[in-house]
Amino acid sequence: MDVPLAAERTIEGNEQYLRVWAQGGPTRVEAPIDPYCYAREPFGHEPLRQREVTRRPLSTLDEETWVRAEFANVRELADAAHARSEDEVAEAHIPFVHRVLLDRPDYYRRFPNGELSSLHVDIEQRTTGSGFPDEDAPIVSIAWAGDDEAPTSVVDPADERAVLEAFLGALEVHDPDVLAGYNVARYDLPRLRARLQAHDLDETPLHREGGRIEEARWGKGQRVVGRLLYDVYDKVRADQTLIGIKDRSLETVAEWHGLDVLEADVTNTVKLAEEGRLARYNENDVELSRQIGQPYLANDVELADFYGAPLQTIAEATASFHARTLQGRIFVEESVISDGTNEQRFPDLYEQTGGEGFVGGIVEIYRRGLFRPVTLVDFASMYPSILVALGAGADNTRYEGTVREGGFEAHRKADTLTLRVPDPNRGTRHEVSIEGRSPLAEELGELLAYRLELKQKARADEGGSQDTSRQGMIKVILNSVYGVMASRHARYASLPVAMAIVGTARHLIQEVEDLLGEAKIETDTDGVYAEGRIDPDPIEAHVNRVLAEEIGAEPVLSVDADPFEAGWFHEGKNYLLLHEDGRIERHGVAFKGSSRAPLFDAALDEVARARLEDREDVDEIASQALDLSRYDREDFVMRVRLGKDPDAYEATNHVAAQVARAAQRRGREVSQGDQIPYVKTEGGYDVAWPGAFDELDEDYYLELLTKLLDRLGIEARPADQRSLAEYL
DNA sequence: TCCGGGAGCGC
DNA sequence: AGGCGCTCCCGGA
């Protein structure tokens, strides 16, 4: 790894320093730049120095005179900026470690960490059959695994001190850069520290000499300075490709990936230890966490190398990091300064239509039911490709106001491309102008080309695991830039860029629809499902012609065609697909969901196949699926995630609120973010405790299945039902 | 029957 | 502190 593990800012005396962690220890260096911001009027005596400069504020992109003020340290900068009103200062909100990353893109590369070492860890506390252990429960077992090493564990329910000392010893031997685990930031690390303290043992090996452990922000548990604490659970939670999975526990995610899961009842670790099974179980968990976490870590290392950023910065970054960094570096080069968030620059747009800044992609269903075969005609990386085609970036794209209603229009005059983008929600058109080509477009263009190269290598089976990580890294960047451009809180972003992208996308997908004519079935943003087999080449040629000749943009779009054996189309975004290899894919909340009871999935599995294969006996299969006696008790368990704390619900009788209250009645503490398993009983919603299964609401579950069958065009005929109580 | 809050999905 | 579009479920008017 050619970048450091971590960097933080420190002030000593009155001087600004950076403390950079690499190769096992910290280096303190004088900050390579003085912290600075811009102001419309000069400050008093607070800055070290200040001078008038010409800059282009993001709100107009026109040249203006601003005062650039440099300070001894970030504290003095913050104090001076806070004394001014928000619209009189610019660039005062940038964290200093990031400021250096923008102004000196290669600075952190002076501190390469070299090869990265990691240690995965998992602890087990003492339990005797009564649920989750509290903070005082002794640690009876710890398992760990270094890189390419088989997991090791130490188990001793009778001697906690020995267990802890063995692990501290392993930490000192491995001295890992990365301390990783599943929920390590909220569970393993805090509990380890509490138990080390109880035994009066020194916790330094956890964070290295010169480091420390502190509370992380946003309720993310703890963070470590000195090593990188890498919580695989956080990565899994943020992973959008796992949507539809029932929960994100280690076991469920491992099964999802097809890993070998060793199951055990951890509510009684004492018994597990007596049976001699605790060590293997503990080691299995570490192994699973390592296998799940490895690709995320590899992606983050690639990103860190790409940006020249400390690994910890990347590991803790949100989606906005990419646009912020790419666009922020361009701002420095192009003399652009950020004078506010999107919302501050476009208050009217964010206040209208319920706070939606602009209109999104086209979603429309034209025909419903079964089609055999079908083809998805879609654009590859549509939004980033359009950004590249238009040459748009926050640094060269202006909002010119609204013009009278009409269709999408584009015209080029000399170096400036002007778009008129229809906004059906507001019954108007937005005019957006793009001057020249933004370096952001050139940069994303290179990433798109590089990704294509990596994909081709993978298709030819020449790619290695680093190529896979690089491809994943590029995908993360490409997917996040557009979203951040429209984010109301973003300071290095531009709502008009998002408008230009979506407006062009809506126009181009309509061109594709027109070419497909009667064959089109359903459209969603960047793709159209159509009946029959479709050749994408003439479509790609057409849309690129439109781009080049009608719009005056670069013809860089590529159009793919994915063939399917069959498709069942229910509503926009809600459909079933039969792959040519026999796999069935479900889309949309009508057909899948983490909240759904497993009997819903089981019934759909059978009926969907019969439907897609157009079998004669689909009605019979459907009526069998309605026989509730075929299902086990856990098949009736649904789940809901609390979007708010229990008493914060405005709709006090919303399912989530009712389930939360039921959980509280049963003595469980619940809060925002919790996912609670529940069932529907004769008496209402209840948590899935054993007694609840004795009074399941049969009509409710039958109705659930009947509605599902209805979506598949099947008139359900429930067979005679025995009472659930007879067989559950 | 209609409307909205809320969850969860698609892209 | 990435975006908007859409369906489904439920309860209240």
Side-chain angles (χ1 to χ4, degrees), chain A residues 93 217-219 238 240-246 317-324 327 341-343 349-350 353-365 376 378-384 423-425 476-495 497-499 501-502 505-506 509 522-529 570-575 577 585-596 600 638-644 648-660 672-673 675-676 680 684-685 700 703-704 707-708 710-711:
Chain A
H93 299 77
R217 292 201 288 178
W218 324 119
Q240 302 208 350
T241 66
L242 294 174
I243 273 178
I245 194 169
K246 292 294 176 193
T318 58
S320 70
F321 174 86
H322 308 286
R324 226 163 57 217
Q327 197 69 81
T341 64
N342 259 329
E343 195 169 31
L349 290 163
Y350 282 103
T353 66
E356 273 148 17
F358 64 107
V359 66
I362 291 180
V363 181
E364 191 84 60
I365 184 160
L376 170 61
D378 66 340
F379 289 89
S381 303
M382 189 190 211
Y383 283 7
D423 184 338
N425 291 351
V476 166
I477 297 171
L478 294 177
N479 287 346
S480 65
V481 168
Y482 153 79
V484 178
M485 281 293 159
S487 165
R488 63 178 57 205
H489 310 290
R491 294 176 180 278
Y492 285 0
S494 165
L495 184 59
V497 170
M499 285 177 171
I501 292 173
V502 183
R506 290 175 66 96
I509 201 73
E522 193 247 18
T523 297
D524 187 351
T525 309
D526 65 345
V528 184
Y529 283 93
H570 167 57
E571 293 288 354
K573 295 182 184 288
N574 288 274
Y575 55 93
L577 293 172
E585 206 179 287
R586 314 150 168 210
H587 289 255
V589 76
F591 294 124
K592 75 166 173 195
S594 53
S595 61
R596 298 283 187 191
F600 178 96
M638 302 172 282
R639 293 175 167 78
V640 68
R641 205 185 65 84
L642 300 187
K644 308 166 170 238
Y649 279 91
E650 197 177 319
T652 49
N653 281 330
H654 188 271
V655 181
Q658 291 194 48
V659 171
Q672 182 177 3
Q675 197 197 38
I676 309 173
K680 178 71 166 65
Y685 296 102
Y700 174 87
E703 175 77 13
L704 196 83
K707 275 183 287 193
L708 168 63
D710 191 46
R711 279 168 223 156

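For clarity, every value in this text was computed on a predicted model and none was experimentally measured. So that the names make sense, note that chain A is the first sequence line, chain B the second, and so on, each numbered from 1.
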Under the rule for salt bridge (Lys or Arg N to Asp or Glu O under 4.0 Å), what residues qualify as partners of [X], not counting sequence neighbours?
X        : answer
A/Lys592 : none
A/Arg711 : none
A/Asp378 : none

Can any side-chain N or O of A/Gln675 pair as donor or acceptor with the backbone N or O of A/Lys246 at less than 3.5 Å?
yes
Side-chain donor/acceptor of A/Lys644 to backbone N/O of A/Gly673, under 3.5 Å
no
What does the B/S/- profile of nucleotides 6-13 of chain C look like, 5' to 3', with a 4.0 Å heavy-atom cutoff to protein?
SBSSSSS-
Shoot me the first and last contacting nucleotide of DNA chain B against chain A, ordered 5' to 3', at under 4.0 angstrom to non-hydrogen atoms.
B/dG5 to B/dC11
Using a 4.0 Å heavy-atom cut-off across all strands, classify [X] as base, sugar-phosphate, or nothing.
X        : value
A/Ser487 : sugar-phosphate
A/Tyr575 : sugar-phosphate
A/Tyr649 : sugar-phosphate
A/Gly483 : base
A/Gln240 : base
A/Arg586 : sugar-phosphate
A/Val359 : sugar-phosphate

Contacts of type ring-ring contact (aromatic ring centres under 6.0 Å, His included), residue A/Tyr575, not counting sequence neighbours:
A/Tyr529, A/Phe569, A/His587
Please name all residues satisfying ring-ring contact (aromatic ring centres under 6.0 Å, His included) with A/Phe321, sequence neighbours left out, ordered by chain then number.
A/His98, A/Tyr307
Those residues at least two apart in sequence (or on a different chain) that pass side chain to side chain contact (heavy atoms under 4.5 Å, CB included) with A/Asn342 are A/Arg345, A/Phe346, A/Tyr350, A/Ala493, A/Leu495
Between A/Leu495 (CG) and C/dG2 (P), how many Å, whole number?
16 Å
I need the OH-C1' distance between A/Tyr350 and C/dC4, as an integer number of Å.
11 Å
Check side chain to side chain donor-acceptor pair (under 3.5 Å) between A/Ser320 and all other residues, then give those that pass, not counting sequence neighbours.
A/Thr318, A/Arg324
Does OP1 or OP2 of [N] have a side-chain N or O of [X] closer than 4.0 Å?
X        : N     : answer
A/Asn425 : C/dG5 : yes
A/Thr525 : C/dC4 : no
A/Ser480 : C/dG2 : no

